[in-house]
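The structure presented is a predicted model; accordingly, all values stated were derived computationally and were not measured. Worth knowing before you read on, the calculation uses all heavy atoms, side chains too, and leaves out hydrogens, waters and symmetry mates. Below, chain A is the first sequence line, B the second, and so on; all start at residue 1.
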There are 2 protein chains.
Amino acid sequence: MTFDEFKQVATLSMEEICHEIFAEKQASIKIKKEAVAVKNLANIFHAALTLSNERGFQSMSLRALSRTSGLSMGALYSYFTSKEELLEMIQNQGRRLTRKVLSRQIDPQSTPGAMLRDAIRAHLYLTEIMQKWFYFSYMETKNLDKNQQKKSMESELATEQVFVDILEQGLRQHVFHVTDPVLSASVIKAMLQDWDVKRWKYARRQISVDDYADFVIGFVESAILGRNPEPDLPNKSI
Amino acid sequence: MTFDEFKQVATLSMEEICHEIFAEKQASIKIKKEAVAVKNLANIFHAALTLSNERGFQSMSLRALSRTSGLSMGALYSYFTSKEELLEMIQNQGRRLTRKVLSRQIDPQSTPGAMLRDAIRAHLYLTEIMQKWFYFSYMETKNLDKNQQKKSMESELATEQVFVDILEQGLRQHVFHVTDPVLSASVIKAMLQDWDVKRWKYARRQISVDDYADFVIGFVESAILGRNPEPDLPNKSI
DNA sequence: AAAAATAGAGCGATCGTTCGTTTTTGTGTT
DNA sequence: AACACAAAAACGAACGATCGCTCTATTTTT
């Protein structure tokens with residue numbers, strides 16, 4: 001799957017999620033008509049992410065959000081009941097999209113090697129499309145309430161588990177040489193996250209998302225395919 | 001060098017830095033006596049890091065800082081002229097300590113393999129000791145002014161360069177098999193940073209800093225020592 | 001004209017910062 | 001040892017600005 005194809009899948013999933021949010025939050029959203037609500041919600045989310053990523057969510061005043069989104073203070077409060085609820089809505093929306101898009105990208109029938117490559121690439125593509133959200137989520141998790149923080153951690157562990165599963169499957173088939181699948185998945189995830197958090201560094205060096213994906217795949221494969229030039233050889237790791 | 005030895009070196013360097021800060025900032029610090037100034041500065045920095053890491057620096061009110069540090073509002077403003085200057089002082093202090101401690105840890109006379117291991121371990125030990133500061137720096141860089149942001153980026157690139165140099169030396173001596181030293185250094189740094197940022201994850205799994213260091217060293221070595229079981233063999237990589 | 005959506009002034013709370021006052025400290029004199 | 005007295009340090013109430021949020025009036029849509 002190329003980056004452009006991936007983009008289309010994500011866009012479709014995004015629309016689904018806006019419908020879901022509208023359906024669930026009808027208690028706190030005062031807007032009746034879905035078309036209006038979805039359009040303005042997307043607008044508000046985009047403006048909030050842009051402003052938050054400059055100085056942090058707490059520092060973003062609702063007056064600034066009003067200015068950037070083009071909606072009045074009163075209008076904003078037709079879409080959420082408090083600033084904190086807006087924070088939760090944004091976090092929720094991103095988690096949903098992450099789950100939805102990633103689960104569609106990995107074919108459990110293919111080989112562990114192929115699955116690992118697909119998972120790395122899919123993660124990076126997703127981060128690229130949802131850049132603002134990932135950065136936001138990364139920076140603002142600590143400002144959530146206990147319950148939402150727990151959800152955020154579970155989401156992190158769930159994405160990590162995708163890699164743990166792939167690595168363990170590779171271990172069972174004797175194609176990966178991994179001493180600790182959980183820690184390995186952890187450091188792989190750390191590399192992927194760096195693409196979002198240290199974006200300025202890679203932009204300055206003119207490294208594209210595909211460049212980075214190729215490199216990470218190569219690096220990880222060197223680390224876990226083992227030093228044996230015939231990785232197909234079984235019973236080596238016992 | 002063990003973790004306990006490392007701790008002592010860092011503590012000594014910390015005292016040096018407090019002297020330096022007092023000497024340089026005498027324009028904005030209204031306190032005359034160094035003993036008083038150093039003691040309270042350390043107190044303020046510690047309180048500010050603790051509070052900031054809960055909800056972010058911007059969300060930390062100076063009244064809360066006053067409460068936690070035990071100093072009154074007026075007293076606080078004897079040590080800095082504005083909240084923003086406090087932010088800059090904290091960032092500066094951490095960057096200094098990082099530079100000072102790390103440069104003393106790596107012996108340029110040893111082999112690339114040993115240097116790489118030492119550098120990884122030293123980085124993780126430093127992160128462990130300065131945990132609050134690193135987390136703070138990670139989260140608050142974007143809130144600095146342009147000039148301070150530039151310094152922060154340079155500091156990041158400088159620490160990365162330590163790894164680039166080691167990798168390139170290993171390349172020249174044909175002991176490392178690295179396709180791109182800069183990207184390799186980048187992902188190594190990402191793994192090290194994860195120890196600080198995702199601290200809750202490793203704490204929950206009861207992984208110590210030495211456990212993590214051993215794992216990262218093993219992972220990186222698997223990746224770059226090449227698949228050749230005789231890594232001493234020269235001219236292989238040409 | 002009824003319903004839906006938006007507008008924006010106004011409210012109390014809290015923010016960073018200032019400044020006149022009080023307390024503590026260090027030193028020389030009795 | 002007790003005191004006086006500046007200098008140094010700490011204190012905390014008060015100020016204007018801005019915050020999140022509300023509420024009624026107005027505009028837009030159906």
Side-chain angles (χ1 to χ4, degrees), chain A residues 18 21-22 25-45 47-48 51-52 54-90 140 143-145, chain B residues 18 21-23 25-48 51-52 54-90 140 143-145:
Chain A
C18 282
I21 290 181
F22 177 74
K25 281 276 175 181
Q26 224 150 10
S28 50
I29 295 178
K30 293 177 193 124
I31 303 300
K32 306 289 174 186
K33 294 189 294 180
E34 179 166 334
V36 178
V38 167
K39 179 177 73 88
N40 280 336
L41 272 178
N43 178 17
I44 291 170
F45 287 169
L51 290 171
S52 293
E54 285 169 13
R55 295 278 181 199
F57 182 78
Q58 311 266 353
S59 298
M60 172 195 76
S61 76
L62 290 180
R63 285 169 179 81
L65 181 61
S66 162
R67 216 177 307 122
T68 305
S69 66
L71 289 164
S72 69
M73 294 289 289
L76 287 180
Y77 275 86
S78 302
Y79 295 89
F80 48 81
T81 61
S82 72
K83 195 184 177 186
E84 199 185 328
E85 196 193 40
L86 172 62
L87 175 56
E88 290 179 11
M89 284 169 76
I90 294 174
E140 306 297 341
N143 299 326
L144 298 168
D145 65 43
Chain B
C18 281
I21 289 180
F22 177 73
K25 280 276 175 180
Q26 224 151 12
S28 49
I29 295 178
K30 292 177 190 123
I31 304 300
K32 305 289 174 187
K33 293 188 292 182
E34 178 166 335
V36 177
V38 167
K39 180 176 73 83
N40 280 336
L41 273 178
N43 179 15
I44 292 169
F45 287 169
H46 181 258
L51 290 171
S52 293
E54 285 169 12
R55 294 278 181 198
F57 182 78
Q58 310 266 352
S59 299
M60 173 195 75
S61 76
L62 290 182
R63 284 167 183 82
L65 182 61
S66 163
R67 216 178 305 122
T68 305
S69 67
L71 289 164
S72 69
M73 296 291 288
L76 287 180
Y77 273 85
S78 301
Y79 295 88
F80 48 80
T81 60
S82 71
K83 195 182 177 188
E84 197 184 330
E85 196 195 40
L86 173 62
L87 174 57
E88 289 179 10
M89 285 169 75
I90 295 175
E140 306 297 341
N143 299 325
L144 297 167
D145 65 42

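- Mapping B:Gly74 and B:Glu34 onto DNA chain D via the closest heavy atom, the residue that lands nearer the 5' end is B:Glu34.
- Rounding to whole angstrom units, OH of residue B:Tyr77 and P of D:dA14 are separated by 19 Å.
- Within the helix from C:dA1-D:dT30 to C:dT30-D:dA1, the inter-axis angle between the opening and closing five-pair segments is 10°, rounded to 10°.
- Atom CG of B:Leu51 is separated from atom NE2 of B:His46 by 10.0 Å, given to the nearest 0.5 angstrom.
- The nearest whole Å value for the distance from the CD1 atom in B:Ile31 to the C1' atom in D:dA10 is 8 Å.
- The closest side-chain heavy-atom distance from B:Phe45 to B:Met89 is below 4.5 Å.
- Note that the CG atom of A:Leu65 and the CG atom of A:Leu76 stand 5.0 Å from one another [nearest 0.5 Å].
- Across all strands, A:Phe80 comes closer than 4.0 Å to no nucleic acid atom at all (heavy-atom distances).
- Annotation: side chain of A:Phe57 is in contact with side chain of A:Lys83 (closest heavy-atom distance under 4.5 Å).
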List the steps and the verdict of side chain to side chain contact (heavy atoms under 4.5 Å, CB included) for A:Leu41 and A:Ile31.
-> CA-CA 10 Å; A:Leu41 272 178; A:Ile31 303 300; over 6 Å; no
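- Mapping B:Lys32 and B:Met73 onto DNA chain D by nearest heavy atom places B:Lys32 closer to the 5' end of the strand.
- Using a 3.5 Å distance cut-off with no hydrogens or angles, the side chains of A:Glu140 and A:Ser52 do not pair a donor with an acceptor.
- Between B:Arg63 and B:Met73 the shortest side-chain heavy-atom distance falls below 4.5 Å.
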Go through the steps for A:Tyr79 and A:Asn43 under the test side chain to side chain contact (heavy atoms under 4.5 Å, CB included), then give the verdict.
-> CA-CA 11 Å; A:Tyr79 295 89; A:Asn43 178 17; over 6 Å; no
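- Between B:Lys83 atom NZ and D:dT18 atom P there is a gap of 15 Å when expressed in whole angstrom units.
- Place B:Lys33 and B:Thr81 on DNA chain C by their nearest nucleotides, and B:Thr81 ends up nearer the 5' end.
- Here the straight-line distance linking atom OG of A:Ser66 with atom CD1 of A:Ile44 works out to 10.0 Å at 0.5 Å rounding.
- Remark: B:Ser72 is not in phosphate contact with D:dA10, judged by side-chain N or O atoms under 4.0 Å from OP1 or OP2.
- Here CD of B:Glu85 is found 11.0 Å from CD1 of B:Ile90. Values are rounded to the nearest 0.5 Å.
- Taking 4.0 Å as the cutoff to heavy atoms of chain A, we find the contact window on DNA chain C bounded by C:dA4 to C:dG10.
- Residues from residues 60-69 of chain A lying near DNA chain C, meaning a heavy-atom separation below 4.0 Å, are A:Arg63 in numerical order.
- Atoms OH and NZ, from A:Tyr77 and A:Lys30 in turn, are 9.5 Å apart once rounded to the nearest 0.5 Å.
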